[in-house]
Number of protein chains: 2
Amino acid sequence: MQKQTIGCVKAATAVLGDKWTPQLLRFFANEPAVRFGSIQDFVEGINPRTLSARLGNLEQEGVIQKITKPNTTRCEYCLTEKGKALIPILTAMETWSRTYES
Amino acid sequence: MQKQTIGCVKAATAVLGDKWTPQLLRFFANEPAVRFGSIQDFVEGINPRTLSARLGNLEQEGVIQKITKPNTTRCEYCLTEKGKALIPILTAMETWSRTYES
DNA sequence: CAGTATCCGTATCGATACTG
DNA sequence: CAGTATCGATACGGATACTG
């Protein structure tokens, strides 16, 4: 999704509107910290290029935090407080989707 | 935004993820019924082609309802119950955006 | 007034191969 | 393992002119 200028929902849609992002956040919500490879395994179909882009966005938005383990190339991603605050919204969206699905 | 296959949030993001849609829904939320021209006036910058596409989507998703006045080309759009149920989510997104805006 | 038709630039995303 | 580079398809949306 292209960066939107949509008033007060701007930030939220800039984060949630991209393809894969909701799944990613759902996954993050259930794990304290995840690695790149784990995400690829869990979110089937996403390719590294796209995943990398999403993680970059989310980190820049302050929704997730990247922690690189010292002396390794290993790193982990986890939700920030800002990211955790997104979970209830995601849940509400899921509820809505299930309630009104045809 | 391209149609996504994102599990349980699918429907919600398919509706909310498009450019302009949040503003449109906000506008609908405050008016019992609106005409095409009013929307164009209110949502500055949207062009008829795009507005038409959004309205088509939203109607097809059952989020809004189109009512054509008999014997005229005039018509009005208003939220359905399904559409009204989206408002709290939109509000939550706005709150989140305002809370964490840099 | 309420759209539709056409054209076109750009953003987005997938596939795939490659790197430190 | 954790990405980046490159290429290409296509979806999205803006501008504009036109129609019933």
Side-chain angles (χ1 to χ4, degrees), chain A residues 1-7 9-10 13-25 27-28 31-61 64-78, chain B residues 1-7 9-10 13-25 27-28 31-61 64-78:
Chain A
M1 185 178 69
Q2 124 191 40
K3 287 285 178 261
Q4 300 183 3
T5 308
I6 43 185
V9 237
K10 188 173 76 125
T13 52
V15 167
L16 296 174
D18 290 313
K19 191 170 177 182
W20 300 112
T21 307
Q23 280 117 302
L24 292 176
L25 293 177
F27 186 44
F28 286 133
E31 305 285 335
V34 285
R35 285 174 298 108
F36 196 93
S38 312
I39 306 173
Q40 279 188 302
D41 293 343
F42 186 81
V43 182
E44 290 177 43
I46 197 169
N47 70 62
R49 183 192 159 286
T50 303
L51 176 53
S52 183
R54 289 300 163 275
L55 293 175
N57 269 343
L58 292 174
E59 194 189 352
Q60 206 175 342
E61 299 268 4
I64 63 172
Q65 199 177 354
K66 178 181 182 173
I67 296 154
T68 307
K69 305 234 169 172
N71 305 324
T72 66
T73 58
R74 296 269 179 129
C75 60
E76 292 183 338
Y77 299 90
C78 61
Chain B
M1 187 178 69
Q2 122 190 43
K3 288 284 177 262
Q4 300 183 4
T5 309
I6 42 184
V9 236
K10 187 172 76 124
T13 52
V15 167
L16 296 174
D18 291 313
K19 190 171 177 183
W20 302 111
T21 307
Q23 280 117 300
L24 291 176
L25 292 177
F27 186 44
F28 285 133
E31 305 285 334
V34 285
R35 284 174 299 108
F36 196 92
S38 311
I39 306 172
Q40 278 188 302
D41 293 342
F42 185 81
V43 183
E44 290 177 43
I46 197 170
N47 70 61
R49 183 192 161 285
T50 303
L51 177 53
S52 183
R54 290 301 164 274
L55 293 174
N57 269 343
L58 292 173
E59 194 188 353
Q60 206 175 343
E61 298 270 3
I64 61 172
Q65 199 177 353
K66 178 181 181 174
I67 296 154
T68 306
K69 305 233 168 170
N71 305 325
T72 67
T73 60
R74 297 267 180 131
C75 61
E76 292 183 340
Y77 299 90
C78 61

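Residue numbers start from 1 in every chain, and the chains themselves are labelled A, B, ... in the order their sequence lines are given, proteins ahead of strands.
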What's the closest nucleotide to the [X] side chain, out of [options]?
X       : options               : answer
B/Arg54 : D/dC12, D/dA2, D/dT16 : D/dC12
A/Pro48 : C/dT16, C/dG14, C/dT4 : C/dT16
B/Arg49 : C/dG3, D/dA15, D/dT6  : D/dA15
A/Phe36 : D/dA17, D/dG3, C/dA15 : D/dG3
B/Asn47 : C/dA2, C/dC13, D/dT16 : D/dT16

### Task
Drop me the distance from B/Cys78's SG to B/Glu31's CD, to the nearest 0.5 angstrom.
12.0 Å
### Summary
Between the CD atom in B/Gln23 and the OG1 atom in A/Thr13, the distance rounded to the nearest 0.5 Å is 8.5 Å
### Non-hydrogen side-chain atoms of B/Pro48 and B/Gln40 separated by less than 4.5 Å
yes
### Check: A/Asn57 and A/Thr21 side chains under 4.5 Å, non-hydrogen atoms
no
Distance check needed: [N] [atom2] versus [X] [atom1], whole Å only.
X       : N      : atom1 : atom2 : value
A/Gln40 : C/dT16 : CD    : P     : 14 Å
A/Asp41 : D/dA2  : CG    : P     : 10 Å
A/Leu51 : C/dT12 : CG    : P     : 17 Å
A/Tyr77 : D/dA2  : OH    : P     : 8 Å
A/Glu76 : D/dA2  : CD    : P     : 9 Å
B/Lys19 : C/dA11 : NZ    : C1'   : 11 Å
A/Asp18 : C/dC13 : CG    : C1'   : 11 Å
A/Leu55 : D/dA2  : CG    : C1'   : 10 Å

### Query
Do the ring planes of A/Phe28 and A/Tyr77 sit parallel (below 30°), tilted (30 to 60°) or perpendicular (above 60°)?
tilted
### Query
Heavy atom of residues 64-73 of chain A under 4.0 Å from DNA chain D: which residues?
A/Lys66, A/Thr73
### Message
D/dA2, OP1 or OP2 - any side-chain N/O from A/Arg35 closer than 4.0 Å?
### Response
yes
